[in-house]
S.K.: 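Have a look at the structure that comes next, please.
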Amino acid sequence: MIRLSKTSKLDGILSWSLQALETCPGSIAKNGDLVPACKGCYATTGNYNYPNVKAPRLENRDDWQRAEWVSEMVAALSNSRYFRWFDSGDLYSVDLAAKVYAVMVATPWVSHWLPTRMHKFKKFTNILHKMQSLPNVAVRYSSDSITGETVQGSTTSTIFSNEAQLPSNATVCRAYENEGKCSGCRACYDKNVAVIAYKAHGVKMAKVIRIAAMV
Ligand code: SF4
């Protein structure tokens, strides 16, 4: 069964998600710690701990492996114009990536936004490039930084905590000025927007920034 999530932050745009961290191999640094951006992950706190929020994310890990999953996802997106992959979790498997690509190809009427850290792993290079070559897809490579550093890629994102850290070519996410909601902005889905900079927010992220400033 296809289980999509709808979050008020995204103006009601649907997303398909997995459990955070356990499907995020890119969240682990070489020393075994979480990378800075993932230490403050919103998807490990608050509402994301409620059983009714966790259950679909856990079930989706098995569900995508069904033979009918691609055709059912395409049908589920028949009325969508925008779609967000991985409100939580990541594209942890090359086989899953191949199926997500098939959904993207079969839904040209949908603008897909797929944020990911899987660009760190060579075996994903080919499939991520194929996704990015589709006119209706923005694969956005996430930086591990919480101080505005960026990664290579045509569409990327980073986190910053003060304006001095902003990359010169960044488009700042203004959701924090609109009660945390996109409020009509669709920059993340737009292939022509090179870098999105998200202002660090939340109690957990504030703590990460304080600790980072001390070391
Ligand atoms: S940049 Fe725009 S589309 Fe992306 S999360 Fe922020 S408000 Fe939403």
Side-chain angles (χ1 to χ4, degrees), residues 4-18 20 24 26-27 35-48 53 57 77 79-91 100 104 107 109-119 128 131-132 134-151 153-206 208-209:
L4 302 177
S5 355
K6 192 188 264 191
T7 60
S8 57
K9 182 203 165 173
L10 299 176
D11 296 343
I13 287 170
L14 296 172
S15 54
W16 187 88
S17 299
L18 295 167
C24 302
S27 67
V35 300
C38 295
K39 283 183 181 162
C41 177
Y42 61 85
T44 57
T45 58
N47 291 352
Y48 285 86
V53 176
R57 286 165 170 76
L77 297 188
N79 291 320
S80 293
R81 291 296 167 266
Y82 293 91
F83 191 70
R84 157 84 186 262
W85 290 94
F86 305 111
D87 174 53
S88 60
D90 204 347
L91 194 65
V100 169
M104 291 166 164
T107 54
W109 61 88
V110 180
S111 292
H112 295 261
W113 162 29
L114 192 154
T116 186
R117 279 176 218 288
M118 301 313 292
H119 56 87
L128 292 176
M131 289 177 179
Q132 188 70 324
L134 296 171
N136 59 322
V137 176
V139 177
R140 215 164 265 290
Y141 292 179
S142 306
S143 164
D144 293 338
S145 173
I146 55 172
T147 54
E149 286 153 51
T150 54
V151 290
S154 58
T155 46
T156 69
S157 69
T158 188
I159 296 173
F160 71 103
S161 54
N162 67 64
E163 306 271 320
Q165 298 167 340
L166 273 176
S168 56
N169 60 343
T171 296
V172 177
C173 171
R174 299 282 172 196
Y176 67 92
E177 294 173 357
N178 296 304
E179 299 173 338
K181 298 189 170 142
C182 291
S183 306
C185 174
R186 299 289 180 263
C188 289
Y189 307 78
D190 187 343
K191 292 172 84 74
N192 298 313
V193 178
V195 182
I196 304 271
Y198 303 103
K199 187 154 194 201
H201 66 277
V203 175
K204 204 169 171 189
M205 184 54 88
V208 174
I209 289 166

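When a ligand or atom number is given, it counts from 1 through the structure's own listing order. Computed from heavy atoms alone, side chains included, the values below leave out hydrogens, waters and symmetry copies.
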S.K.: Just jot down the ligand 1 atoms closer than 4.0 angstrom to any heavy atom of Cys188, in number order.
M.R.: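 Matching atoms, with element in brackets: 1 (S), 3 (S), 4 (Fe), 5 (S).
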S.K.: What are the two closest heavy atoms between Ser27 and Cys38, and how far apart are they?
M.R.: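 Minimum heavy-atom separation between Ser27 and Cys38: CB-SG, 3.4 Å.
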S.K.: State, without any angle test, whether Arg57 and Ser88 hold a side-chain donor-acceptor pair at a distance under 3.5 Å.
M.R.: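 Yes, side-chain donor-acceptor contact under 3.5 Å.
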S.K.: What residue and heavy atom of the protein are closest to atom 8 (Fe) of ligand 1, and at what distance?
M.R.: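 The protein heavy atom lying closest is Cys182 SG, 2.3 Å.
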S.K.: Using every non-hydrogen atom in the two residues, find where Thr171 and Ala187 come nearest and quote the distance to one decimal.
M.R.: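 Scanning both residues, the minimum pair turns out to be CG2-CB, 4.5 Å.
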S.K.: Let me check your reading of the structure: within less than 2.8 Å of atom 6 (Fe) of ligand 1, is there an N/O/S atom from Cys173?
M.R.: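 Given the 2.8 Å cut-off, Cys173 counts as a ligand of atom 6 (Fe) of ligand 1.
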S.K.: To check you understand the geometry: which heavy-atom pair defines the closest contact between Tyr198 and Cys188, and what is its length?
M.R.: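 It is OH-SG, 3.0 Å.
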S.K.: Parallel, tilted or perpendicular: which one describes the rings of Trp85 and His112, with boundaries at 30° and 60°?
M.R.: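 Judged by the thresholds at 30° and 60°, the geometry between Trp85 and His112 is parallel.
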S.K.: Measuring from non-hydrogen atoms of Lys181 to any atom of ligand 1, is the shortest distance under 4.0 Å?
M.R.: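 Heavy atoms of Lys181 never come under 4.0 Å of ligand 1.
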S.K.: Got the closest protein heavy atom to atom 3 (S) of ligand 1, with its distance?
M.R.: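 For atom 3 (S) of ligand 1, the nearest protein heavy atom comes out as Cys185 O, 3.4 Å.
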